[in-house]
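What you are looking at is a predicted structure, and each value in this text was computed from that prediction instead of being measured.
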Amino acid sequence: MHDTNVTTLLESRLHAKALELLRKLGELADERGVGAYVVGGVVRDLVLDVGAGFDLDVVVEERGEEFAETAAARLGGSVKAHTRFGTAILVVPGGGKVDVATARSEVYERPGALPVVTPGPIARDLERRDFTINSMAVTINAGDFGRLLDFHGGHADLTKRGILRVLSERSFEDDPTRILRGVRFAARFGFGFEPETERLLRQAVAEDRLSTVSGERIANEIVLILGEPEPWPPVERLATWGILDAIVAGWAVPPEVEATFAEVARLADHVSDDEPGRRAEGETWRVRFLAMLEPSDRGVRNAVLDRLNAGRRMRTLALELARFEDETREIISADVRLQDSTLHRSLSGFSRELLGFCRARWRGTRVAERIGRYVNELAGTATSLTGGDLESLGIPQGPAVGKVLAKLLEARLDGSIGSREDEIELATRLARELDEGNKS
Ligand code: ATP
C-alpha cells in the first residue's frame, strides 16, 4: 500500500488554490530538507470522497511554527496562533487556512492526562493516532508528491472492511476520549469496530478509564457528537454501551429520546427553510443536550453538569427546564382557552433553545402546539409605542413606563387594540388612571 499515489484524488477533490498551496509548501519543505505531509482526517475524507472543502492539516518534520513563518513570509500570508504542541495556523490570501504541526511522538505518563511530546519522524507521528483510518498521510514534498503513507492498514479498513481499529492495545487507556471519538466515527461512517478494538473499548469503559479525563474534554466530544448530521446513533451507543453511565453513574438516555431528536431535526429544518441563516448549530446541539439530560432526575442532571464542567448557558438552560416542568407545563397544557397574553407571559421568559426542546419533547400535545403558536405568532409581537413615546405623552420615567408598555402589549396580543392610535389612546387613559391612583 506504500506506493499508492493519490495525486489524482488530490487534484479532483481539492480546490485548485489549496492544491497549489500544498505544492508550494512541498517545494519549501524540499528546500529546507524536511518531509511534509497532509495527515489525518483530511486523508481519510479524501480517500472516502466525502466532506467538501476541508481545512488542511499538514505535518512537517521540523518545528511547525518555523516552517509556517517561513511559508508565510514567502507566500505573503500570516501565522495566526500557536499551541503548546508547536502547531501554527498558516493563513494565505485566497488559499485558505492550513494547520501546520510538528511531527511528533507522544508518551502517556498517566492515563487520561495529556502526553509528553517529542519531535520525531512522520512514521512515529502516525503511530500516535487514534484509529487506522485516521493514521494515513500523503507526502507533499515536490519530488514525492501524492504518495500515500499507510503503515497501519487504514486504507483497507476504510475502503474494504469498514471498521474502526486502534493502533495499540493501550490506546483507550492512554487517551480515553478515543472511546467517544470512536463512537462518533463509527456512527458517521456506518462502520463497526474491529472485534479486538471493541473488546478494548468496552474494557476501558468497564475499568472506568473515562474518570481520568477532564470535564472539558468529555464535554467537547459530546458537543462534537451532537453536531453530527445524524447524532442519534452515536448517542444511543453511548447509552447502550454504558458510556454515559461511566461518565456519571445513573446517566441514562432511554430509546424514546430518539423521537425527540428526530423532531428537533425536523423543527430545525423548518426554521432554516423559512428563515435561511437562522439555524445556528450552537443552538441545535444545546437542544439535543437537553434531550439527553431531561430523562434524568435533578440530582443526575446536576451531576452531569458538574462533571462536564458545563458553562453558564448550559446551566441556565437546565434551570429553565426545571422551571418549565415545575411551573409552566401545567399552565400551557391545561384544557382551557388560553389568552394569547397569558401564553406570552408564560413563555417569554424562556430561551429559544428551551422552547425548541420542549416543543420537540412534548410533540403532538397541546404543549407543543402552544409553544408553536408562541414562537411563530406571538414572540415577535411588539408595541408600536416606545418608552420614549410614553414620556412625550407625559408619563414620567420610571416603573410606570414599564407597566403601561406591558398593558399595551397585553392588549395588542389579545386583539383589543391594533393600531398606533389605539395604543396612544389606551396609554393616555392608563396614564391618567395611574396619575389618579397616585393622587388618591
Ligand atoms: P473530523 O472530521 O471530525 O474533524 P478529524 O479526524 O479531522 O475528524 P480532528 O479532531 O481534527 O478530527 O483530528 C485530526 C487528526 O488528529 C485525526 O484524524 C487523528 O489522526 C488525530 N487525532 C485527533 N484526536 C486524537 C486523539 N485523541 N488521539 C489520537 N489521535 C488523534
Side-chain angles (χ1 to χ4, degrees), residues 266-280 282-284 286-287 312-313 316-317 319-321 323-324 327-360 362 365-440:
R266 199 184 66 81
L267 291 171
D269 278 350
H270 248 58
V271 170
S272 63
D273 286 350
D274 300 346
E275 295 167 63
R278 212 184 109 185
R279 177 180 183 179
E283 205 171 88
T284 311
R286 285 200 179 83
V287 176
R312 199 172 47 82
R313 261 185 93 178
T316 307
L317 276 176
L319 289 174
E320 283 187 35
L321 174 59
R323 181 157 60 87
F324 185 89
E327 299 166 11
T328 312
R329 196 180 149 204
E330 199 181 317
I331 300 174
I332 69 162
S333 59
D335 185 12
V336 290
R337 219 189 81 75
L338 212 57
Q339 295 241 301
D340 280 346
S341 59
T342 309
L343 190 55
H344 192 279
R345 204 175 323 110
S346 305
L347 297 181
S348 61
F350 292 105
S351 62
R352 279 229 313 268
E353 284 104 329
L354 189 279
L355 294 178
F357 165 70
C358 293
R359 198 174 166 190
W362 286 287
T365 71
R366 213 174 277 125
V367 168
E369 186 195 311
R370 284 178 170 158
I371 294 176
R373 170 156 178 77
Y374 169 76
V375 170
N376 295 327
E377 293 172 47
L378 308 182
T381 310
T383 55
S384 104
L385 296 185
T386 64
D389 295 330
L390 295 187
E391 279 174 50
S392 32
L393 287 175
I395 300 175
Q397 265 185 337
V401 172
K403 272 189 205 159
V404 173
L405 283 177
K407 290 267 185 217
L408 293 182
L409 182 63
E410 209 168 279
R412 192 172 265 277
L413 283 163
D414 291 337
S416 58
I417 57 170
S419 66
R420 187 177 168 87
E421 286 64 39
D422 292 346
E423 281 194 16
I424 295 178
E425 198 184 315
L426 178 58
T428 316
R429 203 174 76 227
L430 289 167
R432 208 179 310 122
E433 283 171 20
L434 275 170
D435 202 32
E436 280 160 12
N438 285 342
K439 278 182 199 147
S440 60

Inset, instruction - Classify the side-chain pair Thr383/Glu423 by whether it contains a donor and acceptor separated by less than 3.5 Å. - result: no
Give a yes or no on whether the backbone of [Y] and the side-chain of [X] come within a donor-acceptor separation of less than 3.5 Å.
X	Y	value
Asp414	Ser341	yes
Thr381	Leu413	no
Asp389	Thr386	yes
Arg359	Ile371	no

Inset, instruction - Starting from the C-alpha separation in whole Å, work towards a yes-or-no answer on side-chain contact (heavy atoms from CB on, under 4.5 Å) for Arg373 and Asp340. - result: CA-CA 9 Å; Arg373 170 156 178 77; Asp340 280 346; 2.4 Å; yes
Inset, instruction - Output the distance between atom CD (Glu425) and atom OG1 (Thr428), rounded to the nearest 0.5 Å. - result: 7.5 Å
Inset, instruction - Look up atom CG in Leu317 and atom CZ in Phe350, then write down how far apart they are to the nearest 0.5 Å. - result: 11.0 Å
Inset, instruction - Return the set of residues passing salt bridge (charged side-chain N to carboxylate O under 4.0 Å, His left out) with Arg323 (not counting sequence neighbours), or none when no residue passes. - result: none
Smallest separation among heavy atoms of [X] and [Y], with atom names:
X	Y	value
Arg420	Arg412	N-NH2, 4.2 Å
Ile417	Leu408	CD1-O, 3.8 Å
Ala431	Ile395	CB-CG1, 3.5 Å

